Each structure stands twice: as structure tokens, then as C-alpha cells.
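Below is one structure, written out as C-alpha cells; comments come after it.
Owing to the predicted nature of the structure, the values given are computational and were not obtained by experimental measurement. In what follows, residues are counted from 1 in the order of the sequence shown.
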Amino acid sequence: MSVVSDAVDWLSDGAHWTGQTGIPNRVLEHLGYTSLTLVVAAAVAVPLGLYIGHTGRFRGLAIGVTGALRALPTLGVLTLLTLLLGIGLGAPILALTVLAVPPLLAGVYAGVESVDPQTVDAARAQGMTEWQVLTRVEVPLGLPLVVGGFRAATLQVVATATVAAYVSLGGLGRYIFDGQAVRDYPQMVGGSVVVVVLALLLDGLFAVAQAAAERRARPSRRATTASSSTDPTPTSQSTTTP
């Protein structure tokens with residue numbers, strides 16, 4: 001029997017869907033690590049991204065730092081932090097935060113920067129303060145890219161949060177590390193499949209949220225598109241001379 005069919009049998013076994021070690025409980029643990037990581041990363045990246053996007057200052061530094069963070073191996077960072085902080089939740093959350101900050105920071109400052117400068121100047125000409133320009137003009141109009149940053153960060157974290165099991169925590173990585181220890185390959189494949197399905201579901205939810213943000217930020221574009229599709233006026237006429 002192949003590993004694939006064995007993995008299907010493992011996933012369809014009712015014993016793996018109940019109790020503390022069941023798939024639903026592991027999914028909740030996995031989502032808990034992911035959510036906590038995104039909260040910590042957002043607390044760091046969102047204020048910085050808004051400041052960089054609005055002022056244009058330190059943009060080159062942010063690009064360099066986020067590029068360096070992207071190059072760090074998560075498992076290596078986790079091992080180092082575990083040696084420094086000990087076994088517990090702190091090391092994996094910090095290691096995953098290092099992974100989540102770059103796409104989140106890039107999405108926020110790119111979203112703010114994407115707003116048409118003429119629109120920003122018009123808002124200032126109307127007497128808006130810099131805070132009002134940021135919160136009432138730049139953030140609403142740049143929201144699709146901001147949501148895109150959250151989407152990218154979430155996908156990377158949920159796919160990598162399996163490393164939490166490396167330091168004796170729970171989550172879906174438990175199936176992979178425990179299966180590897182006893183060469184239970186169907187369990188490893190089954191756990192990996194659950195991670196992939198969870199990542200696809202979250203990606204779908206963020207895709208819907210990003211599309212809604214795009215419609216909210218670009219109502220004029222939507223109206224123009226709708227008008228063009230319903231306008232019976234011909235766009236061109238033949239001018240061929242017989």
C-alpha cells in the first residue's frame with residue numbers, strides 16, 4: 001500500500017479527530033500560534049510602515065532590514081532563541097515574528113505610498129492635518145495593499161508554524177515531528193496535508209477581504225468600468241472612403 005493511500009486512511013480514521021491530540025485541537029493550537037504571531041508582528045510593522053509610507057523617511061533602511069530578515073532561516077533563529085530564552089512559547093513566537101514582519105511592513109508602506117500625490121496634496125489644501133491625511137486618505141486608499149501584506153504574512157506564518165513542535169509545543173507540526181521520530185510516514189503526510197488545506201482556506205479568506213478592500217478603495221474605477229460595459233455608444237466608426 002502506498003504512502004498516499006495510508007495517509008488517506010490516517011486522515012479518515014475517526015480516532016485522529018477527537019481528543020487533545022486530535023486534528024481539530026491541533027488546528028486550533030496552530031491558529032493560536034499564527035494569530036499571536038501576527039498580533040506581535042502587526043504591533044511592530046504597522047506603525048513603522050505608516051510612518052515610512054507617509055513621510056518617505058527610512059525607506060531604504062526598511063528595504064535593507066526586511067531583506068536581511070527574509071534571508072534568516074526560521075529554524076536556525078528558533079534554535080538560537082530557544083538557547084537564549086529556554087523552552088516555551090516565547091522563542092517560536094519571536095522566530096515567527098521575524099518571518100512575518102517583512103511582508104507586513106512592505107505591504108503597509110507600499111499601500112500608503114501608492115496613493116496618488118495629487119490626492120494627498122488636495123487633502124492638505126482642504127486643511128487636513130497630517131494625521132487626518134494619513135487616516136482618512138492614505139490608509140483607506142492603500143488598504144488593498146495593506147491587506148495583501150497581511151495575506152502574505154499569514155501564509156508564511158501558517159506554513160512555518162509547524163516549527164513550534166520542534167520545541168515541544170503543539171500545533172499541526174506535532175504530527176510531522178512525532179511521525180518522523182517513529183517513521184510514521186502516513187501521519188507525516190496527513191499532517192502536512194492539513195497544513196496545506198488550512199493555508200489555502202486562509203488565503204481564500206484574505207483574497208475575499210482584499211477584493212472587498214479594492215472595491216471600497218476604488219469606487220470610481222468600478223463605476224467607470226460598469227459605465228463602459230453598459231454604454232451603448234459605439235467606440236469607433238468606420239471612416240473608410242469608397
Side-chain angles (χ1 to χ4, degrees), residues 30-67 69-70 93 96-161 198-230:
H30 204 86
L31 289 175
Y33 301 147
T34 302
S35 301
L36 182 57
T37 299
L38 290 175
V39 169
V40 175
V44 175
V46 171
L48 283 176
L50 293 178
Y51 178 80
I52 294 170
H54 180 70
T55 65
R57 298 174 181 172
F58 307 117
R59 188 177 186 277
L61 178 62
I63 293 174
V65 172
T66 55
L69 291 178
R70 289 176 192 271
I93 294 302
L96 292 172
T97 299
V98 171
L99 182 70
V101 164
L104 197 50
L105 179 61
V108 174
Y109 76 67
V112 174
E113 284 182 342
S114 69
V115 179
D116 188 348
Q118 292 183 350
T119 302
V120 176
D121 290 340
R124 289 185 176 126
Q126 292 177 356
M128 286 189 178
T129 64
E130 292 303 309
W131 176 253
Q132 289 173 329
V133 170
L134 176 64
T135 57
R136 296 183 183 182
V137 178
E138 291 176 327
V139 170
L141 292 179
L143 195 58
L145 288 179
V146 175
V147 175
F150 274 94
R151 180 182 179 181
T154 301
L155 287 180
Q156 292 193 20
V157 172
V158 79
T160 315
L198 183 61
L200 291 176
L201 288 175
L202 290 175
D203 186 51
L205 290 175
F206 272 99
V208 172
Q210 194 169 9
E214 181 69 31
R215 288 195 296 272
R216 184 180 177 83
R218 304 286 188 269
S220 59
R221 179 183 299 177
R222 182 180 52 179
T224 302
T225 304
S227 176
S228 300
S229 62
T230 56

Legend entry - Student check: side-chain heavy atoms of Leu198 and Leu31 closer than 4.5 Å: yes
Legend entry - For the student: nearest non-hydrogen atoms of Ala153 and Ala100, plus distance: CB-O, 3.7 Å
Inset, instruction - Taking all non-hydrogen atoms of both residues into account, name the closest pair between Val147 and Ala213 and its distance. - result: CG2-CB, 4.2 Å
Legend entry - Residue Arg136 excluded, over 12 heavy atoms near CZ under 6.0 Å: no
Inset, instruction - Return the minimal non-hydrogen interatomic distance between Gly49 and Leu105, and the atom names on each side. - result: N-CD1, 3.4 Å
Inset, instruction - Could you grab the distance from atom CG of Leu155 to atom CG of Asp203, nearest 0.5 Å is fine? - result: 4.5 Å
Inset, instruction - Grab the two heavy atoms, one from Tyr109 and one from Ala62, that are nearest each other, plus how far apart they are. - result: CE2-CB, 4.4 Å
Legend entry - Beyond-backbone contact of Ile63 with Arg59, side-chain heavy atoms, under 4.5 angstrom: yes
Legend entry - Backbone of Val157 reached by a side-chain donor or acceptor of Thr160 within 3.5 Å: no
Legend entry - Gap between atom CG of Leu202 and atom OG1 of Thr34 - 0.5 Å precision: 7.5 Å
Inset, instruction - Please round to the nearest 0.5 Å and tell me the distance separating atom CD of Gln156 and atom OG1 of Thr37. - result: 12.5 Å
Legend entry - Thr154 side chain near Leu38 side chain, heavy-atom distance below 4.5 Å: yes
Legend entry - pair Glu113-Leu145: side-chain heavy atoms closer than 4.5 Å: no
Legend entry - Distance-minimising heavy-atom pair for Ala123 and Val133: CB-CG2, 4.1 Å
Legend entry - Ser114 side chain vs Gly111 backbone, donor-acceptor pair below 3.5 Å: yes
Inset, instruction - Please round to the nearest 0.5 Å and tell me the distance separating atom CZ of Phe150 and atom CG of Leu143. - result: 9.5 Å
Inset, instruction - Find the distance between OG1 (Thr97) and CG (Leu69) and round it off to the nearest 0.5 Å. - result: 11.0 Å
Legend entry - Closest non-hydrogen atom pair, Gln210 against Gly148: NE2-CA, 3.5 Å
Legend entry - Between CZ on residue Arg216 and CG on residue Leu141, distance to nearest 0.5 Å: 10.5 Å
Inset, instruction - Please check if the side chain of His54 supplies one atom and the backbone of Val112 the other of a donor-acceptor pair under 3.5 Å. - result: no
